[in-house]
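All values reported here derive from a predicted model rather than from experimental measurement. When reading the values below, keep in mind they use all heavy atoms of this one structure, side chains included, and skip hydrogens, waters and symmetry mates.
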Amino acid sequence: MLQNEYLKRVYEEVQRRDSHEPEFLQAVLEVFESLELVVDKHPEWEKAGLIERFVEPERVVEFRVPWVDDNGNTRVNRGYRVQYNSAIGPYKGGLRFHPSVNLSVIKFLGFEQILKNSLTTLPMGGGKGGSDFDPKGKSDGEVMRFCQSFMTELYRHIGQFTDTPAGDIGVGAREVGYMFGQYKRIVDRFDGGVITGKGLTFGGSLARTQATGYGLCYFGAEALKHLKGESYAGKTVVVSGSGNVAQYAAEKCTQLGGKVVAMSDSQGYIYDPRGIDLKKLFDIKQRRRARISVYADEVPGSEYHEGCRNIWNVKCDIAMPCASQNEMDAEGAKALIANGAIAVFEGANMPLTPEAIALVQGSGLLYSPGKASNAGGVATSGLEMSQNSIRMSWSFEEVDEKLQGIMKNIYKACYDASVECGRPGDLMVGANVAGFLKVAEAMMAQGVV
């Protein structure tokens, strides 16, 4: 429970206004619990209403998205864009297409994005958007018509100096391409920096596809080395999910000497004691867009188990939850602890419940919050924007080197802030405090806006 009277008062007001938004309330409370360690040193924040302004989005856009399916039927989904905070730069954050999307989910993601973008040190504010549209099972034509309808409304709210969306769950290169094409058609100009995650032939960045998963492993490697005297070498790893983040986290982890033995999708998980065959997995997920159960059908010695949450029962040294919010609950955390895990690195946004976080940290496991360890994706989106602005394209190696540097700096910022707060090694406290202080300073300098 919160002890600081100012933070308690603000949180109670957020609860009153947004009682129907559980994911958003969860994200706010987690950050506030960290800010209790520094808020007393800044009495000027209360006078300026800083925390009240920080938790309230600058703008929320909600709209209908009508589209026509392959049978000629008109379908209608909801679209969202939350432009949360622009104190340190234009709004920046992905678009998520998934049936679970609602305003609470988008607000929590946008709120987290403020701190994540701040940690990268790049000039990007926080925002997020998406729709309850599900691309799974849809034809390319249906996805294109949906994306064009979505952008027909969104285009008026974005721009490279205003708000730059990107991909997220359900939004990959195909969806970004369709949306950028519609934006270009409407505005009649090629504003490459208006959306990131683009194809390489029209302004995309090498290494952007791999960036979130690779960055997660670079952050984890730094934390393992500094706080545990360990590395990925020889470690057994479980990676939940099988989308973009999970695929490339598994790839980089394998390159660093780890053995990924389990991955999942929304229906269940696969277990391969010899290590996941990534070439086979990429073929199933990237080319065929099939369920992960196909892996067990085609790879002798592997197993498929129904129920994706049960993946945490697989014995491992390192867990990297890369699927979705609140995917690991207390039972999952208890299973990891009982099986002797040493670290949990978040690849998704807020994948551990508060109860799971408390158990993981209380048992002495190394833990990193997603706003720090999965920031490599948005960092490389920022690098894509830079390349678009200077009309250049950096090599894969150049972008990857910059990404490694950014992730090392994020780790250092989190660790240094944890020390200053009297909680050395508490990377959640460090990430929240380090990310917030930069935004707070900018907000104070810009007046009451």
Side-chain angles (χ1 to χ4, degrees), residues 59 61 63 65 67 77 79-84 86 89-98 101 106 109-110 113-114 116-117 120 122-131 133 135 140 143-212 243-245 349 375-394 399:
R59 185 177 297 108
V61 182
F63 50 96
V65 188
W67 56 283
N77 288 94
Y80 304 91
R81 188 66 182 174
V82 173
Q83 296 173 329
Y84 222 113
S86 60
Y91 311 107
K92 183 84 187 79
L95 297 169
R96 175 175 294 190
F97 293 169
H98 191 271
V101 164
I106 297 300
L109 290 168
Q113 198 76 40
I114 304 168
K116 183 188 301 187
N117 292 357
T120 70
L122 300 173
M124 303 181 295
K128 207 77 178 184
S131 173
F133 172 79
D140 287 348
V143 172
M144 180 184 71
R145 290 190 290 275
F146 172 82
C147 288
Q148 289 174 340
S149 181
F150 184 86
M151 184 54 75
T152 298
E153 172 59 34
L154 185 66
Y155 89 93
R156 70 192 76 235
H157 306 292
I158 63 176
Q160 64 174 323
F161 300 113
T162 305
D163 183 359
T164 304
D168 194 83
I169 293 173
V171 178
R174 174 182 60 168
E175 290 77 14
V176 168
Y178 290 150
M179 285 189 283
F180 179 71
Q182 182 72 351
Y183 179 87
K184 183 166 62 72
R185 181 185 191 187
I186 293 170
V187 303
D188 193 29
R189 60 180 180 270
F190 195 105
D191 289 344
V194 75
I195 189 167
T196 57
K198 300 184 295 297
L200 295 177
T201 55
F202 55 101
S205 174
L206 288 162
R208 175 60 189 91
T209 304
Q210 296 86 350
T212 309
N244 174 270
V245 180
N349 294 299
V378 73
T380 307
S381 279
L383 298 178
E384 180 177 330
M385 293 168 67
S386 297
Q387 292 170 82
N388 293 158
S389 294
I390 61 177
R391 302 294 196 273
M392 286 187 67
S393 181
W394 298 325
V399 177

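Atom CD1 in Ile158 sits 11.0 Å away from atom CZ in Arg156 (nearest 0.5 Å). Separation of atoms CD1 (Ile186) and OG1 (Thr152) is listed at 4.0 Å; rounding is to 0.5 Å. To the nearest 0.5 Å, atoms CG (Leu200) and OG (Ser393) are separated by 7.0 Å. Atom OG of Ser205 sits about 12.0 Å away from atom CE of Met392, to the nearest 0.5 Å. Distance CE/Met144 to CD/Gln182: 9.5 Å, rounded to 0.5 Å.
A donor-acceptor pair under 3.5 Å links the side-chain atoms of Asn117 to the main chain of Lys92, judged by distance alone. The closest donor-acceptor contact from the side chain of Asn388 to the backbone of Gly203 lies under 3.5 Å. Here the side chain of Glu153 pairs no donor or acceptor atom with the backbone of Ser149 at under 3.5 angstrom. Put simply, the side chain of Asn77 never gets that close to the backbone of Val65: no donor and acceptor are under 3.5 Å apart. A donor-acceptor pair under 3.5 Å links the side-chain atoms of Gln387 to the main chain of Trp394, judged by distance alone. When atom types are taken as modelled, the side chain of Thr380 and the backbone of Gly376 share a donor-acceptor pair closer than 3.5 angstrom. Ser389 contributes a side-chain N or O that, together with a main-chain N or O of Met385, makes up a donor-acceptor pair within less than 3.5 Å. Put simply, the side chain of Thr120 never gets that close to the backbone of Lys116: no donor and acceptor are under 3.5 Å apart.
Residue pairs meeting the salt bridge (charged side-chain N to carboxylate O under 4.0 Å, His left out) criterion with at least one partner in residues 175-185, sequence neighbours excluded, do not occur; the list is empty.
Defined by atom type and a distance below 3.5 Å, a donor-acceptor pair is missing between the side-chain atoms of Thr196 and Glu384.
Heavy-atom minimum distance, Val171 versus Ala166: CG1-O, 4.4 Å. Nearest heavy-atom pair across Gly170 and Pro135 is O-CG, 3.3 Å. Closest heavy-atom contact between Arg208 and Thr212: NH1-OG1, 3.9 Å. In terms of heavy atoms, Pro90 sits closest to Pro123 at CD-O, 3.6 Å. The heavy-atom pair separating Val399 from Ala207 by the smallest distance is CG1-CB, 3.7 Å.
Within the 4.5 Å cutoff, side-chain heavy atoms of Arg96 are placed close to those of Asn349. With a 4.5 Å cut-off on side-chain heavy atoms, Leu95 and Met179 count as touching. Between Ser86 and Tyr91 the shortest side-chain heavy-atom distance falls below 4.5 Å. Looking only at side-chain heavy atoms (C-beta outward), Asp163 and His157 stay at 4.5 Å or farther from each other.
Ring pair Phe133/Phe97 is perpendicular by interplanar angle, where above 60° counts as perpendicular and below 30° as parallel.
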Show your reasoning for whether side chain to side chain contact (heavy atoms under 4.5 Å, CB included) applies to Met151 and Phe146. CA-CA 9 Å; Met151 184 54 75; Phe146 172 82; over 6 Å; no
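For the ring-ring contact (aromatic ring centres under 6.0 Å, His included) with Phe150, the qualifying choice from Tyr178, Phe180, Phe63, Tyr155 is Phe63, the only one to do so.
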